[in-house]
**Q** 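Before we start, here is the structure in question, set down as C-alpha cells.
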Amino acid sequence: MSPLAAVGDLDGLVFDNAFVRDLPGDPNPEPTRRQVHGACYSRVMPTPVAAPKLIAWSPEVAASLGLSAETMRSDAFAAVFGGNRLVAGMQPYAACYGGHQFGNWAGQLGDGRAITLGETIDIDGRRQELQLKGAGPTPYSRTADGRAVLRSSIREFLCSEAMHHLGVPTTRALSLVATGETVVRDMFYDGNARPEQGAIVCRVAPSFIRFGNFEILAARGDTALLRRLVEFTIRRDFAGIDGDADTRMARWFETVCRRTAVMVAHWLRVGFVHGVMNTDNMSILGLTIDYGPYGWIDDFDPGWTPNTTDAAGRRYRFGQQAQIAQWNLVQLANALVSLFSSTAPLAAGLECFVETLEAEQSAMTAAKLGFTSCRDTDGTLVGDLYRLMQDAEVDMTIFFRGLAEVDLASPSLEPLREAFYTADKLAASGPAFERWLAAYAGRALDDGTAPADRRARMNAANPRFVLRNYLAQQAIDLAEQGDASLIAELLDVLRHPYDDQPGRDRFAERRPDWARNRAGCSMLSCSS
Ligand code: AMP
Ligand code: MG
C-alpha cells in the first residue's frame with residue numbers, strides 16, 4: 001500500500017502518533033493471529049477492499065477535522081477510509097487489550113477488526129484518533145474475519161452521532177464506507193449463515209483506550225508496562241491532572257469513575273441500553289464506545305436488554321447499567337491495585353462513582369420532571385411514576401415529552417395519550433396516572449417555575465427524537481437495497497433531537513406493531 005499523493009484537505013491532516021511513539025509495540029510485523037506479550041499494540045495495515053464507496057458522513061466531524069464536503073465526496077477519501085490507501089503521517093496499528101465478558105475474564109481480546117490510522121489534531125487543537133472498524137484481520141482477530149457488515153456499521157454510524165447530539169459522551173463517526181465486498185454472517189447463530197454487504201466506519205475519539213488495555217497487562221503480571229500505560233494515559237488524555245505519581249494516579253482513577261457515572265446517568269436519561277458492557281467496551285474517557293447490539297427503550301422496561309446473547313441472564317438490561325458500570329470499575333481497580341501502595345485511593349474513586357451517579361441522576365430526574373432540583377421527599381413520586389410507566393408499558397420518550405405539555409392548573413392525561421401502546425393499558429392505568437398527575441402538578445406548582453421555563457427545562461432533558469430501533473432497521477433495509485437516503489435523513493433529524501421539527505413527526509412515533517418482535521427492532525445479535 002502506497003501513501004497517497006496530495007489530495008486536497010486530506011493531505012492537510014496533521015498526525016502526532018503518541019500511542020505508537022511512546023509505548024512499546026509488538027516486534028512481530030506479521031498479521032497472524034497470536035497472543036501479544038510485552039506490547040500495547042501491533043502494527044497492521046488495513047486490508048484493501050474491492051470497491052470503496054462513501055455512503056454517509058458526519059458534517060460536524062468532517063468540519064472539525066478540516067475536511068471539506070468536496071474532500072469527503074472524493075474518490076481519495078473513499079480509498080483512504082475504505083482501507084485502500086494511507087495519507088502521509090498515518091501509522092496504522094491494532095491495540096492489545098483483554099476484558100471481562102459477561103462477568104468472566106476472557107483473556108486477550110484486542111482490536112480484532114479495528115485499526116487506528118493515526119492521531120490527528122483537529123481544528124481546535126484537540127487530539128483525535130481516526131480508527132477504521134471492519135478494516136480486515138489483525139493479530140487480535142482470533143477466529144473471526146476482521147470485517148463488519150453494513151447493518152452493524154449503519155447502526156454504529158447513526159447512533160454515535162445521535163448520542164453526541166443528545167449530549168451523551170460518546171465516540172464519534174466520520175464516515176460510513178461500503179466495501180463492495182460481502183461478509184458471511186450467521187446473524188442468529190442458528191446455522192443460517194449468509195453473505196451480507198460489508199462496510200467500514202471511521203470512528204473518531206481523543207482516545208480508544210479501554211479498561212481492558214490495563215486489565216490485560218495486570219493479568220499478565222506486566223506491572224512495569226502497566227505503569228507506563230497509566231502514565232501515558234494520564235499525560236496524553238487527562239490534561240490538568242498533576243501532582244506526584246501517587247496523587248496523579250489517585251486523581252486519574254477518580255476522574256475515570258466520575259466520567260463513567262456521568263455517562264451512565266445520561267444513558268438512563270435518554271433510554272439507551274448499551275447491550276454489551278464488557279470491560280473491553282468501557283472507554284477510559286467515559287465515552288460510550290462499541291455500538292453493537294444496543295437498543296433504545298420504547299415501552300418503559302428497566303428489565304429490557306436488546307442483546308439476544310444476554311437474553312438468559314439479562315446482565316446488561318437497561319435498569320442494571322449503573323451497577324454493571326460500577327462492577328467494571330471494580331475490575332479496573334483490581335487491575336491497577338499493584339501500582340498503589342494502599343487501596344484507599346481506589347476505594348475513594350469507587351465512592352466517587354456512587355456519589356456522582358446519585359447527584360447526576362437526581363439532577364437529570366429533576367430536569368426530566370421540570371423541577372429546579374429534586375427534594376428528599378420526591379422519592380415516592382418518582383418511584384410511583386416509574387412503576388406506573390412500566391406497568392402501563394408507556395413509551396418513555398413520548399411520555400416525558402408529553403409531560404411538559406400537561407397544564408399544571410388542570411392536569412389531565414390528554415397530552416400523554418400518544419405514549420400508550422394499547423387502549424387496554426390506557427384504560428386500566430388511566431385513573432392511577434391521573435392520581436399521579438395530580439400529585440405531580442402540586443409538586444411542580446410548589447416549585448414556582450414559570451410554565452414556559454418549566455417546559456423549556458423539560459424539553460432540554462427529554463429528547464423528542466431518538467434512534468428508535470425500528471427506524472435504524474428501516475434505514476438498514478433501504479440501504480441494503482442501495483438507497484442510503486434514510487440514513488441521511490435520520491442523521492439530519494437526530495442532529496436536533498430536542499427540537500420539535502414540524503413535519504418530521506413520523507420519526508417521533510411509537511414503535512409500530514410490526515416491529516415489536518422483529519429482529520433488529522427489538523432484539524439484536526452480537527453478530528456484526
Ligand atoms: P465486541 O463484542 O464487538 O466488543 O468484540 C469483542 C472482541 O471480538 C473484540 O476483540 C473484537 O475486536 C473482536 N471481534 C468482533 N468481531 C470481530 C470480527 N468480525 N473480526 C475480528 N474480530 C472481531
Ligand atoms: Mg468491543
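Both ligands and their constituent atoms are indexed starting at 1 by order of listing. None of these values were measured; they are calculated from a predicted model.
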**Q** Of the listed options (R142, Q101, R33), which comes nearest to atom 7 (C) of ligand 1 when hydrogens are ignored and any heavy atom counts?
**A**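 Heavy atom nearest to atom 7 (C) of ligand 1 belongs to R142.
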
**Q** At what distance, to the nearest 0.5 angstrom, does NE2 of H165 lie from CD of E60?
**A**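 Between atom NE2 of H165 and atom CD of E60 there are 4.0 Å.
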
**Q** Rounded at 0.5 Å granularity, tell me how far CZ in R315 sits from OG1 in T305.
**A**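 Answer for the CZ-OG1 pair, R315 versus T305, is 11.5 Å.
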
**Q** Identify the closest protein heavy atom to atom 2 (O) of ligand 1: which residue and atom is it, and at what distance?
**A**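 For atom 2 (O) of ligand 1, the nearest protein heavy atom comes out as N281 ND2, 4.3 Å.
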
**Q** Run the numbers for me: atoms of ligand 1, each under 4.0 Å from some heavy atom of R147, listed by number.
**A**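 Near R147, meaning under 4.0 Å from one of its heavy atoms, ligand 1 has 19 (N).
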
**Q** Of all the non-hydrogen atoms in the protein, which one sits nearest to atom 3 (O) of ligand 1, and at what distance?
**A**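 Going atom by atom, the protein heavy atom closest to atom 3 (O) of ligand 1 ends up being R113 NH2, 4.2 Å.
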
**Q** Please determine if D145 has a nitrogen or oxygen closer than 3.5 Å to a nitrogen or oxygen of ligand 1.
**A**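 N/O-N/O distance below 3.5 Å exists for this pair.
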
**Q** Given A114, G110, G112, which one has a non-hydrogen atom that is nearest to atom 10 (O) of ligand 1?
**A**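 Considering heavy atoms of A114, G110, G112, the nearest to atom 10 (O) of ligand 1 sits in G110.
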
**Q** Using a strict 4.0 Å threshold on nitrogen-to-oxygen distance, state whether E129 and R172 make a salt bridge.
**A**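 So E129 does not pair with R172 through a salt bridge.
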
**Q** Counting only heavy atoms, which portion of L109 has something under 4.0 Å from ligand 1: side chain, backbone, both, or neither?
**A**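 Both backbone and side chain of L109 come within 4.0 Å of ligand 1.
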
**Q** Pull out every atom of ligand 1 sitting under 4.0 Å from any heavy atom of D290, numbered as shown with elements.
**A**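 Result: 4 (O).
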
**Q** Closest approach of V273 and Q321, non-hydrogen atoms and distance?
**A**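 Answer, listing the atom of V273 first, then Q321: CA-OE1, 3.4 Å.
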
**Q** Take E119 and N17, measure what side-chain hydrogen bond (donor to acceptor under 3.5 Å, both in side chains) needs, and give me the verdict at the end.
**A** CA-CA 5 Å; E119 300 167 34; N17 302 318; over 6 Å; no

**Q** R185 to ligand 1: N or O pair under 3.5 Å?
**A**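 So ligand 1 has an N or O lying under 3.5 Å from an N or O of R185.
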
**Q** Within this structure, what is the CG-CE distance for the pair N328 and M282, rounded to the nearest 0.5 Å?
**A**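 N328 CG to M282 CE: 4.5 Å, rounded to 0.5 Å.
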
**Q** Is G146 close enough to touch ligand 1? Criterion: a residue heavy atom under 4.0 Å from a ligand atom.
**A**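 The answer is yes, since G146 has a heavy atom less than 4.0 Å from ligand 1.
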
**Q** Which residue supplies the protein heavy atom nearest to atom 5 (O) of ligand 1, what is that atom called, and how far is it?
**A**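 Nearest neighbour among protein heavy atoms for atom 5 (O) of ligand 1, to 0.1 Å: D280 OD2, 4.6 Å.
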
**Q** With R155 as the cation and Y294 as the aromatic partner, state whether NZ or CZ is under 6.0 Å from the six-membered ring centre and within 45° of the axis.
**A**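 Because its charged atom sits under 6.0 Å from the ring centre and within 45° of the axis, R155 does stack over Y294.
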
**Q** For atom 20 (N) of ligand 1, is some protein heavy-atom partner under 4.0 Å away?
**A**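 So far as the 4.0 Å threshold goes, atom 20 (N) of ligand 1 is in reach of a protein heavy atom.
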
**Q** Identify, for atom 18 (C) of ligand 1, the protein heavy atom at the shortest distance, and state residue, atom and that distance.
**A**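 The protein heavy atom lying closest is A144 CB, 3.4 Å.
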
**Q** Quick one: which residue pairs count as a ring-ring contact (aromatic ring centres under 6.0 Å, His included) with a foot in residues 314-335, not counting sequence neighbours?
**A**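 Residue pairs with at least one partner in residues 314-335: H100-W327, F102-Y316.
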
**Q** Is D26 paired with R34 through a side-chain N to carboxylate O contact shorter than 4.0 Å?
**A**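 The answer is yes: the pair qualifies as a salt bridge.
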
**Q** Would you call D75-K53 a salt bridge at under 4.0 Å N-O?
**A**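 The answer is no: the pair does not qualify as a salt bridge.
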
**Q** Is the closest basic N to carboxylate O distance between R210 and E215 below 4.0 Å?
**A**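 Judged by the 4.0 Å cut-off on N to carboxylate O distance, R210 and E215 do not form a salt bridge.
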
**Q** The Mg ion (ligand 2): which protein N, O or S atoms are under 2.8 Å away?
**A**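 Protein N/O/S atoms under 2.8 Å of the Mg ion (ligand 2): N281 OD1, D290 OD2.
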
**Q** How long is the straight-line distance from CG of L336 back to CG of L229, given to the nearest 0.5 Å?
**A**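 Nearest 0.5 Å value for the CG-CG distance: 9.5 Å.
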
